[in-house]
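Have a look at the structure below, then the notes.
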Amino acid sequence: MSLFPAYSVIYKDYRFLGRFRNLEVLCLRDIDLGKVRFDFPVLPNLVEIMIDENRVTPLVLEWLRQQPRLKTVKLWSAFSIDESRWHEVQSALPGTTIQDRLGEVHP
């Protein structure tokens, strides 16, 4: 499921995502989860998520750690992601593959 904030949700209310218990792939590009209505639901079948690198806050990392089947996190950035940021996300999500927007896995 891909959500585009300008078109998907007029009132910036993303609480409905918790109803999608079978959701496997989710794209949250251009959505600041700290500034919208979002319940940070456990999505039992989520295996892949795409999110802007600059939107991955400690709260978002904690939410991602709660996803039981999450295998891949794709960080989107128009620029290269610095080494310390890669390390921060990898350390917070052990056992999860962290990729950039082109699908490159950080060493």
Side-chain angles (χ1 to χ4, degrees):
M1 175 183 289
S2 288
L3 300 174
F4 298 97
Y7 307 108
S8 297
V9 182
I10 295 171
Y11 300 106
K12 298 184 180 181
D13 189 341
Y14 293 86
R15 293 176 292 183
F16 66 89
L17 279 175
R19 288 184 263 162
F20 292 93
R21 309 288 293 164
N22 291 324
L23 189 65
E24 293 181 9
V25 178
L26 179 60
C27 179
L28 293 175
R29 285 216 33 238
D30 296 327
I31 298 171
D32 185 346
L33 295 177
K35 294 184 178 179
V36 298
R37 290 185 203 138
F38 189 65
D39 292 335
F40 295 93
V42 173
L43 300 168
N45 292 308
L46 186 68
V47 293
E48 182 179 307
I49 189 166
M50 178 182 267
I51 190 166
D52 293 320
E53 175 269 332
N54 62 340
R55 306 285 194 206
V56 180
T57 64
L59 180 60
V60 170
L61 286 171
E62 178 59 34
W63 173 60
L64 294 175
R65 276 193 293 272
Q66 295 173 10
Q67 306 311 312
R69 296 188 59 212
L70 187 63
K71 300 288 184 227
T72 304
V73 174
K74 293 184 178 180
L75 298 177
W76 198 97
S77 177
F79 307 100
S80 63
I81 300 168
D82 74 32
E83 192 77 24
S84 63
R85 186 65 168 148
W86 278 108
H87 181 68
E88 176 187 357
V89 175
Q90 285 180 326
S91 296
L93 301 170
T96 303
T97 301
I98 311 299
Q99 296 178 341
D100 67 13
R101 66 186 173 96
L102 301 174
E104 298 295 319
V105 177
H106 183 71

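Side-chain contact between Leu33 and Leu59 is absent, with no heavy-atom pair separated by less than 4.5 Å. The closest side-chain heavy-atom distance from Arg55 to Val60 is not below 4.5 Å.
Each of Val56 and Val42 belongs to its own hydrophobic cluster when Ile, Leu, Val, Met, Phe, Trp and Tyr are linked at side-chain heavy-atom distances under 4.5 angstrom. Met50 and Tyr14 are assigned to two separate hydrophobic clusters, defined by single-linkage of ILVMFWY side chains at heavy-atom distances under 4.5 Å. Under the 4.5 Å side-chain contact rule for hydrophobic residues, Ile49 and Phe16 share a cluster. When hydrophobic clusters are built by joining Ile, Leu, Val, Met, Phe, Trp and Tyr residues whose side-chain heavy atoms come closer than 4.5 Å, directly or via intermediates, Phe40 is not grouped with Val47.
Not counting sequence neighbours, the partners of Asp82 by the side chain to side chain donor-acceptor pair (under 3.5 Å) test are Ser84. The side chain to side chain donor-acceptor pair (under 3.5 Å) check on Glu88 picks up Arg85, with sequence neighbours excluded. Legend: residues meeting side chain to side chain contact (heavy atoms under 4.5 Å, CB included) with Asp39, ordered by chain and number and at least two apart, are Arg15.
One finds the CG atom of Leu46 at 11.5 Å from the CG atom of Asn22 (value rounded to the nearest 0.5 Å). Once rounded to the nearest 0.5 Å, the distance linking CD1 of Ile98 with NE2 of His87 reads 12.0 Å. Separation of atoms CG (Leu26) and CD1 (Ile51) is listed at 8.5 Å; rounding is to 0.5 Å.
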Got a list of side-chain donor-acceptor pairs under 3.5 Å for residues 74-81, not counting sequence neighbours?
{"from": "Lys74", "atom 1": "NZ", "to": "Glu48", "atom 2": "OE2", "distance (Å)": "3.4"}
{"from": "Ser77", "atom 1": "OG", "to": "Phe79", "atom 2": "N", "distance (Å)": "3.2"}
{"from": "Ser77", "atom 1": "OG", "to": "Phe79", "atom 2": "O", "distance (Å)": "2.9"}

Side-chain donor-acceptor pairs of residues 61-68 under 3.5 Å, sequence neighbours excluded:
{"from": "Glu62", "atom 1": "OE1", "to": "Arg65", "atom 2": "NE", "distance (Å)": "3.4"}
{"from": "Glu62", "atom 1": "OE1", "to": "Arg65", "atom 2": "NH2", "distance (Å)": "2.8"}
{"from": "Trp63", "atom 1": "NE1", "to": "Pro41", "atom 2": "O", "distance (Å)": "2.6"}
{"from": "Arg65", "atom 1": "NH1", "to": "Ala92", "atom 2": "O", "distance (Å)": "3.2"}
{"from": "Gln67", "atom 1": "OE1", "to": "Leu43", "atom 2": "N", "distance (Å)": "2.6"}
{"from": "Gln67", "atom 1": "NE2", "to": "Pro41", "atom 2": "O", "distance (Å)": "3.2"}
{"from": "Gln67", "atom 1": "NE2", "to": "Trp63", "atom 2": "O", "distance (Å)": "3.0"}

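When all heavy atoms of Arg69 and Asn45 are compared, the pair lying nearest together is NH1-OD1, 3.0 Å.
Remark: the backbone N or O of Arg29 is not paired with any side-chain donor or acceptor of Asp52 at under 3.5 angstrom.
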